[in-house]
Amino acid sequence: MPELPEVEIVRQSLDKNIKYKKVKNVIIRNRNLRFKIPLKFENFLRGQEITKVDRFSKYLILSLSNNSFCLLHLGMSGTIHLVFNNKKNFLTNTSFYNSPMLPNKHNHIEIIFSDLKIIYNDPRRFGFLQIIRDSNLLKKRFEHLGPEPFSSNFNLSYILSFFKGKKKNIKNFLLDQNFVSGIGNIYASEILFLSKINPTKKVRLLKKEDCKKIIINCKKVLSNAIKKGGSSIKDFKNTDGETGSFQKDFNVYERQGLNCKRSKCKGIIRKKTISNRSTFFCNFCQK
DNA sequence: AAGAGGCCCTGATAGC
DNA sequence: TGCTATCAGGGCCTCT
């Protein structure tokens with residue numbers, strides 16, 4: 001579910017709600033996320049103040065007062081929910097199970113502050129939380145990842161040299177986090193639509209102008225999605241339980257069989273599986 | 001080294 | 001109704 005824009009929405013909410021607050025308690029019901037949560041996790045976090053809430057790519061980075069970090073990745077189905085301390089049984093975490101606004105299953109982790117708690121819910125358990133001991137290790141943790149689309153390092157010469165000698169198609173590269181980090185399956189299709197590039201196009205056939213369009217449209221699609229509060233495919237919600245509205249802006253995603261939205265284009269949106277991922281594109285204007 | 005494929009897991013939906 | 005198959009927005013690992 002969550003690509004860079006959705007994670008950014010969560011970051012903004014956490015920044016507003018848990019920054020400068022001290023962790024009172026941590027409850028873990030299921031340690032078997034993507035990476036097993038070690039037994040010492042709770043003790044490590046308890047008593048720490050959250051000094052900063054950052055994001056890189058699809059990763060949330062909570063800075064802790066002891067100069068370490070708590071990394072959080074939402075995987076495919078992870079969500080963060082805020083519960084404010086105005087309910088009975090707040091600390092015994094029973095009340096929200098009865099609330100229709102909150103999920104009642106797969107609430108694996110709670111991080112409790114004095115006035116609110118955050119709940120990590122993740123049905124598929126592809127997400128994870130991880131302690132990173134210091135900034136050097138944090139740097140190392142991300143060194144295999146390419147630049148974000150917003151970075152000045154994501155420029156024409158970078159793209160041209162990265163594509164040199166490669167045989168894959170452009171859709172695969174947009175999803176390749178070593179090339180550019182933060183784009184997922186939905187926005188990859190949307191970016192290629194705006195760029196009028198067919199997702200199956202081999203990168204060695206792309207012209208300079210195509211690459212320029214890709215740079216511009218990566219930024220455009222992601223920043224627009226952030227502005228709209230993220231997409232609401234399946235059950236994406238921000239931490240207040242509200243859905244984003246970007247999905248209304250989809251040009252191709254989940255629009256197979258419908259007319260191309262580009263004015264004067266007579267094309268039909270097609271769905272095609274590329275490297276095991278569904279891909280959507282206009283069969284006429286994306287060359 | 002690049003690229004293809006498999007796998008981690010649950011839930012929603014479709015088809016019989 | 002109840003079974004089985006297929007598909008989901010991610011990322012990492014292995015094999016060729």
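Lettering follows sequence order; numbering is per chain, from 1.
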| query | Counting just side-chain N and O atoms, does A:His106 come under 4.0 Å of either OP1 or OP2 of B:dG11? | reply | yes
| query | What's the closest nucleotide to the A:Tyr59 side chain, out of C:dG11, B:dG11, C:dA8? | reply | C:dG11
| Pairwise distance CZ(A:Arg204) to NZ(A:Lys168) - rounded to 0.5 angstrom | 15.0 Å
| message | So which atom in A:Cys211 and which in A:Leu156 form the shortest heavy-atom distance, rounded to 0.1 Å? | response | CB-CD1, 3.6 Å
| field | A:His73 side-chain N/O to C:dG10 phosphate OP1/OP2 under 4.0 Å | value | no
| said: Within 45 degrees of the ring normal and closer than 6.0 Å to the centroid, is that where the cationic atom of A:Arg141 sits relative to A:Phe56? | reply: no
| field | Closest to side chain of A:Arg124, choosing from C:dG10, B:dT10, B:dA4 | value | B:dT10
| query | Between atom CG in A:Leu33 and atom P in B:dC7, what is the gap in whole Å? | reply | 22 Å
| request: Please indicate yes or no: is the ring centre of A:Phe126 less than 5.5 Å from the centre of the six-membered base ring of B:dC9, with the two planes inclined by under 30 degrees? | output: no
| request: Using the P atom on both, measure B:dC7 against C:dA5 and round to a whole Å. | output: 16 Å
| Under 4.0 Å: is that the gap between some side-chain N or O of A:His144 and OP1 or OP2 of C:dG11? | no
| query | Considering only the P atoms, how many Å lie between C:dT6 and B:dG6, rounded to the nearest integer? | reply | 14 Å
| said: If you only use heavy atoms from C-beta on, which nucleotide in B:dA4, C:dG11, B:dT10 is closest to the side chain of A:Gln177? | reply: C:dG11
| task | Could you pick out which residue, A:Ser275 or A:Arg34, lies toward the 5' side of DNA chain B when each is mapped onto its nearest nucleotide? | result | A:Ser275
| Looking at B:dA4, B:dG11, C:dA8, which one has an atom nearest to any side-chain atom of A:Lys271? | C:dA8
| Just how far, in rounded Å, is C1' of C:dG10 from CG of A:Leu4? | 14 Å
| What integer distance in Å separates A:Tyr253:OH from C:dA8:P? | 7 Å
| request: Select from A:Asn276 and A:Gly165 the residue whose nearest nucleotide in DNA chain B is closer to the 5' end of that strand. | output: A:Gly165
| Taking 4.0 angstrom as the limit, do A:Lys219 and A:Glu148 come out as a salt bridge? | no
| Which whole-number value in Å describes the distance from A:Tyr187 OH to C:dG10 P? | 11 Å
| task | Please report, rounded to the nearest Å, how far the P atom of C:dG10 is from the CG atom of A:Leu72. | result | 16 Å
| task | Measure the distance from CG on A:Leu175 to P on B:dA4 and round it to the nearest whole Å. | result | 13 Å
| Would one find a side-chain N or O of A:Ser77 under 4.0 angstrom from OP1 or OP2 of B:dC9? | no
| NZ/NE/NH1/NH2 to OD/OE distance under 4.0 Å, A:Glu110 and A:Lys117 | yes
| remark: The dot-bracket string of DNA chain C, counting Watson-Crick and G-U wobble pairs with both distances under 3.5 Å, using [ ] for crossing pairs and | for pairs to another strand, is .|||||||.|||||||
| remark: Exactly one candidate in A:Phe193, A:Phe250, A:Tyr187, A:Tyr253 meets ring pair (Phe, Tyr, Trp, His ring centres under 6.0 Å) with A:Phe280; the answer is A:Tyr253
| task | Could you tell me whether the phosphate oxygens of B:dA2, OP1 or OP2, come under 4.0 Å of any side-chain nitrogen or oxygen in A:Lys168? | result | no
| message | Tell me if the side-chain of A:Arg125 makes a donor-acceptor pair with the base of B:dC9, cut-off 3.5 Å, by modelled atom types. | response | no
| query | Where the side chain of A:Phe35 is defined as all heavy atoms beyond and including C-beta, which of B:dG11, C:dC12, C:dG10 is the nearest nucleotide? | reply | C:dC12
| A:Lys105 has a side chain; which of C:dA8, B:dG11, B:dA2 sits nearest to it? | B:dG11
| message | Run the side chain to side chain donor-acceptor pair (under 3.5 Å) test on A:Asn136 and A:Asp134 for me, step by step, so that the C-alpha distance in whole Å, both residues' side-chain angles and the decisive distance to 0.1 Å come before the verdict. | response | CA-CA 6 Å; A:Asn136 280 334; A:Asp134 61 57; 4.6 Å; no
| remark: When every non-hydrogen atom of A:Ile226 is compared with those of A:Gln12, the smallest separation belongs to CG2-NE2, 4.0 Å
| message | Ring-plane angle category for A:His108 and A:Tyr120, please: parallel below 30°, perpendicular beyond 60°, tilted otherwise. | response | tilted
| request: Round to a whole Å and report the spacing from NZ of A:Lys164 to P of B:dA1. | output: 19 Å
| To the nearest Å, how far apart are A:Leu74 CG and C:dG11 P? | 10 Å
